[in-house]
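Working notes, structure below.
What you are looking at is a predicted structure, and each value in this text was computed from that prediction instead of being measured.
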Amino acid sequence: MKSEPGECSIDDALAAPERTIPWTGVRNYQARNFMRDAMRPGDSVLFYHSSCAQPGIAGLAEVASAPYPDPTQFERASDYYDAKARRDAPRWYLVDVRACRKTRLIDIAELRACRPLARMQILRRGNRLSITPVAKSEWDYITRRLMEHAD
DNA sequence: GCCAACGTTGGC
DNA sequence: GCCAACGTTGGC
């Protein structure tokens, strides 16, 4: 899951109550569908810093709630307000995410240099989706790498 | 349903 | 700031 550290970094997430933050603001249907239809409490998450000086994996987290309507879609003052969303027909759903720990930063260049991650969705040319599935083999490789090259 | 125009993302 | 890539919008 991508987050702009200027908005919410892994440190911000760790400092939040219960180390948990609602993943507000997703306004892309594919990304929404992952949260609404595919993610379940307890699922593991790679916390990725994007649109910043050093993009890359910055921490580990987990899904901490079932999906529910993103409250910001109804807030007129919010950047994420959606005039077409209705209380009885929400358009946007989110999950809560609990930060587990900060890791050393595995930057995008390092990720790209890892053969076993060659097919990782986040590394695909032109990828813009803020939420993408991670294969078990990719998760295992990354967490093993974090143990072997300690932070 | 097509598709051009436009807006956004995000690495560099 | 640039620009490729992609999603969305809206006229037809």
Legend entry - Span of DNA chain B in contact with chain A (heavy atoms, under 4.0 Å): B:dG7 to B:dC12

Inset, instruction - Walk me through it: do A:I142 and A:M120 pass the test side chain to side chain contact (heavy atoms under 4.5 Å, CB included)? - result: CA-CA 11 Å; A:I142 289 165; A:M120 213 178 163; 3.9 Å; yes

Inset, instruction - Name all residues meeting the side-chain hydrogen bond (donor to acceptor under 3.5 Å, both in side chains) criterion together with A:R98; count only those two or more places apart in sequence or in a different chain, and write none if there are none. - result: A:E62

Inset, instruction - Measure the angle between the two terminal helix axes of the helix from B:dG1-C:dC12 to B:dC12-C:dG1, five base pairs each, and quote it to 10°. - result: 10°

Inset, instruction - Starting from A:Y80, walk the hydrophobic network (Ile, Leu, Val, Met, Phe, Trp, Tyr; side-chain heavy atoms closer than 4.5 Å) and list everyone else you reach, by chain and number. - result: none

Legend entry - Close side-chain approach of A:I21 to A:D12, heavy-atom, < 4.5 Å: no

Inset, instruction - Say whether, by atom type as modelled, one donor and one acceptor occur between the side chain of A:S3 and the main chain of A:P5 under 3.5 angstrom. - result: no

Kindly list each side-chain donor-acceptor pair under 3.5 angstrom involving residues 43-50 of chain A, sequence neighbours excluded, with atom names and distances?
{"residue": "A:D43", "atom": "OD2", "partner": "A:R40", "partner atom": "N", "Å": "2.8"}
{"residue": "A:H49", "atom": "NE2", "partner": "A:I10", "partner atom": "N", "Å": "3.1"}

Inset, instruction - For residues 16-27 of chain A, pull every pair meeting side chain to side chain donor-acceptor pair (under 3.5 Å), keeping only residues two or more places apart or in separate chains. - result: A:R27-A:D70, A:R27-A:T72

